[in-house]
There are 2 protein chains.
Amino acid sequence: MTERRTEILEAALGLFSKKGYHDTSMQDLGEALGLQRGSLYTHIRSKEELLLAIVKRGAEEFLKALLPVEDMEAPAPERLREAMRRHIGVVARNLEAATVFFHEWRFLPETARQDVLKDRDRYEGVFRSILDDGIREGTLRPHDTRLSATLALSAGNWLYQWYDPKGRLTADEIADRFSNFILEGISRGREGAA
Amino acid sequence: MTERRTEILEAALGLFSKKGYHDTSMQDLGEALGLQRGSLYTHIRSKEELLLAIVKRGAEEFLKALLPVEDMEAPAPERLREAMRRHIGVVARNLEAATVFFHEWRFLPETARQDVLKDRDRYEGVFRSILDDGIREGTLRPHDTRLSATLALSAGNWLYQWYDPKGRLTADEIADRFSNFILEGISRGREGAA
DNA sequence: CCTACCGATCGGTAGG
DNA sequence: CCTACCGATCGGTAGG
């Protein structure tokens with residue numbers, strides 16, 4: 001990967017996240033880099049290839065951050081907290097990539113789309129296995145872990161729509177509070193107990 | 001609103017949600033209706049106007065469904081459950097509109113964008129006031145209601161990415177389970193109690 | 001609702 | 001001969 005190619009990918013990431021993939025022209029991208037549109041093709045094959053590279057890198061970031069939690073030796077609640085921190089950390093540190101990832105993955109060519117879906121399933125699987133472990137070890141009450149995993153992921157994913165790096169809470173604080181809500185609930189009284 | 005205009009809006013909704021706003025051409029839209037591209041402009045002013053109409057209608061649907069819960073006389077946990085049912089119901093019954101709404105509202109002209117943001121704040125406010133009421137009346141434990149409202153809304157919003165009308169759970173069932181998780185938590189033991 | 005067309009711009013490629 | 005880039009233009013399509 002040449003330096004120029006890296007620059008192009010970074011610029012494309014910024015434009016795709018701000019304007020959307022389809023409304024970003026190669027003209028826009030060239031202007032952002034001080035190049036003529038045609039000159040971009042020395043370094044890339046097509047506009048679609050750029051999207052593909054960005055989305056793939058996004059999927060890798062997510063998995064790379066989460067997978068270590070799978071092997072963590074700790075009670076499930078603690079592992080869930082750690083998974084939430086990592087997941088939300090990736091979104092918060094890569095808001096532009098998250099936006100492109102969540103909005104544009106559907107438009108990838110079929111094989112790449114399938115790859116993304118597989119990664120997504122793998123990712124959800126890590127969350128679900130943590131929660132299933134918790135039920136087995138007795139730290140979590142029996143419940144529909146498909147849906148609690150979805151709740152945890154929804155909270156983290158949706159962050160891309162509202163998180164402000166200069167906001168009142170850090171990404172870790174947000175992750176911890178979400179974890180608290182999901183683990184302990186917000187009700188007063190005995191309902192939270194088994 | 002003429003019948004033709006309604007047909008155009010419905011077709012646009014379908015195309016915008018499937019291909020995205022910017023990748024949908026007026027040619028696509030004409031073909032979907034068996035019209036020439038130029039003929040559409042007898043009924044609409046611009047492509048952007050179509051987006052505006054779709055997003056505005058989406059915002060109205062959401063508010064219309066939720067506002068009655070504001071005046072409901074019931075304990076906060078019950079009102080939260082009802083709010084979740086309604087919110088998730090709107091998303092589940094309008095998946096295409098939700099997709100367009102969440103992806104494309106950022107691209108509206110500034111005044112319309114501001115209107116959407118105001119509606120969104122109003123909407124979040126309803127959730128937050130329910131939760132604040134709960135703390136005041138003692139049914140919910142004191143906590144950061146800005147963030148618990150965000151958790152509830154995140155779960156409902158993200159539904160547009162994965163909900164399958166033919167899936168194993170109905171929208172109401174999903175809403176109830178999410179409500180359970182948020183209210184009671186998933187931990188076993190005493191953590192859920194005050 | 002159509003045909004015909006506008007100024008401009010699309011993604012991608014040519015030769016040098 | 002290379003990498004990096006140019007001005008110009010390809011065939012088609014954009015919104016109007």
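First the proteins, then the strands, lettered A, B, ... as listed; each starts at 1. Quick caveat, the model's predicted, so the values are computed rather than measured.
One atom, CZ of A:R37, and another, C1' of C:dG11, lie 8 Å apart when rounded to the nearest Å. One interatomic measurement links the two molecules: CD of A:E3 to P of D:dT3, which rounds to 16 Å at whole-angstrom precision. Note: CZ (A:R5) to P (D:dA4) measures 13 Å, nearest angstrom.
Regarding contacts with the backbone of D:dG16, a side-chain N or O of B:Y41 is found under 4.0 angstrom from either OP1 or OP2. Dashed line: the shortest gap from a side-chain N or O of B:R4 to OP1 or OP2 of C:dC1 is under 4.0 Å. Proximity of A:S39 to the phosphate of D:dC6: a side-chain N or O atom is located under 4.0 Å from OP1 or OP2.
Side-chain atoms of A:T139 and A:E137 form a donor-acceptor pair, as typed in the model, at a separation below 3.5 Å. Residues B:H87 and B:N157 bring a donor and an acceptor atom of their side chains to less than 3.5 Å of each other. Using modelled atom types, one finds no donor on one side chain facing an acceptor on the other under 3.5 Å when comparing B:D176 with B:S179.
Scanning DNA chain D for stems, defined as runs of 3 or more consecutive Watson-Crick or G-U wobble pairs whose donor-acceptor distances all fall under 3.5 Å, gives no such range.
When the C1' atom is compared between C:dT9 and D:dG11, the two are found 13 Å apart, to the nearest whole Å. Between the C1' atoms of C:dA4 and D:dG16, the separation comes to 13 Å (whole Å).
A:D119 meets the salt bridge (Lys or Arg N to Asp or Glu O under 4.0 Å) test with no other residue; sequence neighbours excluded. For B:E124, the salt bridge (Lys or Arg N to Asp or Glu O under 4.0 Å) partners at least two apart in sequence or on another chain are B:R128. For B:Y21, the ring pair (Phe, Tyr, Trp, His ring centres under 6.0 Å) test picks out B:F16, with sequence neighbours left out.
When A:T150, A:D133, A:D132 are each tested for a side chain to side chain donor-acceptor pair (under 3.5 Å) with A:T145, only one passes: A:D132.
A:W105 is not listed as a side-chain neighbour of A:L51, based on a closest heavy-atom distance of 4.5 Å or more.
Within residues 43-56 of chain A, the residues that have a heavy atom under 4.0 Å from DNA chain C are, in order of number, A:S46, A:K47. Across residues 11-32 of chain B, not one residue has a non-hydrogen atom less than 4.0 Å from an atom of DNA chain C.
Atom CE in A:M26 sits 3.5 Å away from atom OH in A:Y41 (nearest 0.5 Å).
Aromatic rings of B:F178 and B:W158 (six-membered ring for Trp) have centroids beyond the 6.0 Å cut-off, not under it.
Nucleic acid contact class of B:Q36 (heavy atoms, under 4.0 Å, all strands): base.
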Note to self: Apply side chain to side chain contact (heavy atoms under 4.5 Å, CB included) to residues B:F101 and B:I54 and explain how you reach the verdict.
What the structure shows: CA-CA 8 Å; B:F101 185 84; B:I54 288 170; over 6 Å; no
